[in-house]
Amino acid sequence: VSLNLKTSLTKGVIMNHPLYNFSPGPAHLPLEVLKTIQKDMLDWNGTGLSILEMPHRGKEFQDLLDSIQFKMRKLINIPENYKILFLQGGAQAMFAFLPMNFTRTKKKLNYLVTGMWSEKAAKQAETYAEISRLNPLTSSTVSLTDPTTWGLDNDAAYTHITLNETIEGIEIFMDPVKGEEVYVADASSTLFSRPMDISRYGVIYASAQKNIGPAGVTLLIIRDDLLEHSIPETPNVYNFKVQSVANSCQNTPPTFNIYVVGLMLDWLNKAGGLSSMYEQNKSQANKLYNFIDESSYYSNPVDPAYRSMMNIPFLLSDASHEKSFLEKATTSGLMNLKGHRLVGGMRASIYNSMPNEGIEALINYMSQFSKEKANV
Ligand SMILES: Cc1ncc(COP(=O)(O)O)c(C=O)c1O
């Protein structure tokens with residue numbers, strides 16, 4: 001098990017400080033992955049062609065696709081009766097294409113609403129079906145930390161959950177209970193960060209640009225008995241059955257992005273796989289939350305039972321200091337800490353490839369900044 005891969009890899013410097021990118025996505029990619037891309041850009045695998053030039057139906061790319069699916073199945077434990085699709089359009093395209101692929105006969109869907117992304121998903125789905133919304137954060141009978149309380153309308157084709165609300169920093173750590181219900185999960189900002197029991201879900205989908213690879217490819221993992229429910233209006237390239245039969249090549253897939261997903265899987269494997277990544281991510285997140293909780297200057301509003309391990313929003317006690325906090329952070333090499341425009345404050349996104357040094361540097365900077373403000 002190599003833990004070193006997650007440490008001491010930074011790409012640039014600013015005013016003699018190493019650079020750490022806290023962006024919510026597109027996010028920090030491991031240096032090792034970027035260097036391999038650089039090498040393969042002119043000659044991939046001795047073919048004499050750039051990875052960007054490989055035809056998608058050629059043997060080389062088809063072999064690559066097969067090997068990536070094989071590696072992913074093994075690394076994140078995807079059962080044999082699940083298909084792995086590489087689509088385009090991002091998670092937001094799936095907000096529409098999921099209902100289209102599930103509502104041929106059942107016209108009702110359940111949505112667990114825990115933040116802005118799940119609300120957006122529910123809103124989009126309303127075009128295609130009758131939506132039951134459940135908000136565990138405001139309900140006394142539904143608990144976010146107890147999936148047995150999530151039971152919704154039994155006639156629904158699926159229950160949609162957003163495993164990690166990237167904007168608010170709210171994460172659901174428990175997998176749903178095994179049963180008849182079909183759970184569909186937006187796992188955009190959590191997939192690959194920790195082990196999950198994929199067999200508890202009907203569908204798991206994710207935009208790639210956090211832990212999986214570059215923006216432009218959408219991963220969709222679907223149980224194969226769920227491929228028969230699309231409405232006739234579903235476009236072929238977004239029909240999960242059609243794409244599954246075509247092994248994601250009904251249209252030209254995002255070949256370069258898929259190749260980078262393969263490199264990310266190799267990197268994750270070398271870094272010790274999901275269990276090791278989970279331990280490291282948990283320890284980094286705990287360090288930052290502990291610092292925030294002990295400080296009288298910073299705060300995080302989220303219940304500790306469902307605080308995100310990937311996106312940590314925090315507020316300064318005086319919002320008028322935010323501009324100077326961000327400016328000084330940038331010149332200290334701590335990039336992209338601004339919170340989402342709709343919630344304000346700050347947010348540190350600490351995906352798999354954030355090194356320990358980045359967390360240390362952030363805590364040192366926050367500590368120094370709050371001391372300066374206390375002395376003003
Ligand atoms: C949880 C979640 N869902 C959906 C999206 C939307 O992804 P995209 O813009 O790639 O469609 C994001 C993007 O940040 C996200 O974090």
Side-chain angles (χ1 to χ4, degrees), residues 21-29 85-101 109 111-127 133 135-137 144 158-173 175 183-194 196 201 203-221 235 237-238 240 253-254 256-258 260-261 264 281 285 302 306-313 336-343 345-354:
N21 186 359
F22 293 92
S23 159
H28 185 192
L29 286 168
L85 303 182
F86 295 101
L87 304 174
Q88 297 179 64
Q92 292 194 64
M94 297 311 130
F95 291 176
F97 294 117
L98 276 160
M100 293 184 93
N101 275 278
L109 302 170
Y111 276 74
L112 201 69
V113 175
T114 45
M116 289 192 201
W117 283 119
S118 50
E119 172 51 34
K120 245 189 176 177
K123 184 102 199 108
Q124 177 74 73
E126 273 171 358
T127 314
R133 279 181 171 77
N135 189 337
L137 302 177
L144 196 54
Y158 64 67
T159 294
H160 182 279
I161 58 181
T162 300
L163 290 179
N164 185 56
E165 291 282 3
T166 319
I167 296 173
E168 294 85 351
I170 291 173
E171 183 158 359
I172 301 172
F173 290 97
D175 296 313
Y183 283 96
V184 168
D186 175 354
S188 293
S189 46
T190 189
L191 198 62
F192 288 17
S193 73
R194 57 182 171 86
M196 281 172 62
Y201 300 85
V203 180
I204 293 174
Y205 68 101
S207 270
Q209 64 269 16
K210 289 108 172 24
N211 278 325
I212 301 173
V217 60
T218 318
L219 181 61
L220 190 121
I221 301 166
V237 296
Y238 285 111
F240 303 157
F256 174 74
N257 305 59
I258 294 172
V260 182
V261 174
M264 291 295 281
N281 287 337
V302 180
Y306 41 80
R307 279 177 169 175
S308 168
M309 199 170 62
M310 295 282 102
N311 311 94
I312 304 187
N336 298 313
L337 283 164
K338 195 171 177 4
H340 191 276
R341 64 190 186 285
L342 296 175
V343 293
M346 306 296 148
R347 173 177 45 173
S349 294
I350 52 172
Y351 296 116
N352 284 354
S353 51
M354 175 57 64

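Both counts, for ligands and for their atoms, begin at 1 and track the order of listing. Heads up: numbering here begins at 1 and tracks the sequence.
- No part of K120 comes within 4.0 Å of ligand 1, judged by heavy-atom distances.
- Neither the backbone nor the side chain of Y205 has any atom closer than 4.0 Å to an atom of ligand 1 (non-hydrogen atoms only).
- For atom 1 (C) of ligand 1, the closest heavy atom belonging to the protein is T166 OG1, 3.3 Å.
- Protein heavy atom nearest atom 11 (O) of ligand 1, with residue, atom name and distance: Q92 N, 2.8 Å.
- Atom numbering of ligand 1 starts at 1 in the shown order; those under 4.0 Å from a heavy atom of G90 are 10 (O), 11 (O).
- In this structure, M309 CE and S189 OG are separated by 10.5 Å, a value rounded to the nearest 0.5 Å.
- In K210, the part holding a heavy atom less than 4.0 Å from any atom of ligand 1 is the side chain.
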request  = Before giving the answer on side chain to side chain contact (heavy atoms under 4.5 Å, CB included), spell out for L137 and Y306 the whole-Å C-alpha distance, their side-chain angles and the decisive distance to 0.1 Å.
outcome  = CA-CA 11 Å; L137 302 177; Y306 41 80; 3.5 Å; yes

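- When hydrogens are left out, the protein atom nearest atom 3 (N) of ligand 1 is D186 OD2, 2.6 Å; that is the closest non-hydrogen contact.
- Looking only at distances, no side-chain donor or acceptor of T162 sits under 3.5 Å from a matching main-chain atom of N164.
- Between atom CD1 of residue I212 and atom CD1 of residue I258 there is a gap of 12.5 Å, rounded to the nearest 0.5 Å.
- Residues forming a ring-ring contact (aromatic ring centres under 6.0 Å, His included) with F95 (at least two apart in sequence, or on another chain): none.
- Geometrically, ligand 1 and N164 share no nitrogen or oxygen pair separated by less than 3.5 Å.
- Between the side chains of Y351 and N311, at least one donor N or O lies within less than 3.5 Å of an accepting N or O.
- Counting only distance, with no hydrogens or angles, the side chain of S118 and the backbone of V113 share no donor-acceptor pair below 3.5 Å.
- Using a 4.0 Å heavy-atom cutoff, Q209 is listed among the residues neighbouring ligand 1.
- Among all protein heavy atoms, the one lying closest to atom 7 (O) of ligand 1 is S207 OG, 3.3 Å.
- Listed by chain and number, the residues in a ring-ring contact (aromatic ring centres under 6.0 Å, His included) with F192 amount to none (sequence neighbours excluded).
- In terms of polar-atom proximity, A91 is counted as a contact of ligand 1, with an N or O under 3.5 Å from an N or O of the ligand.
- The shortest non-hydrogen separation linking P99 to M94 is CD-O, 3.9 Å.
- When only interatomic distances are considered, the shortest N/O to N/O separation between T162 and ligand 1 does not fall below 3.5 Å.
- Listed by number with element, the atoms of ligand 1 under 4.0 angstrom from any heavy atom of F95 are 4 (C).
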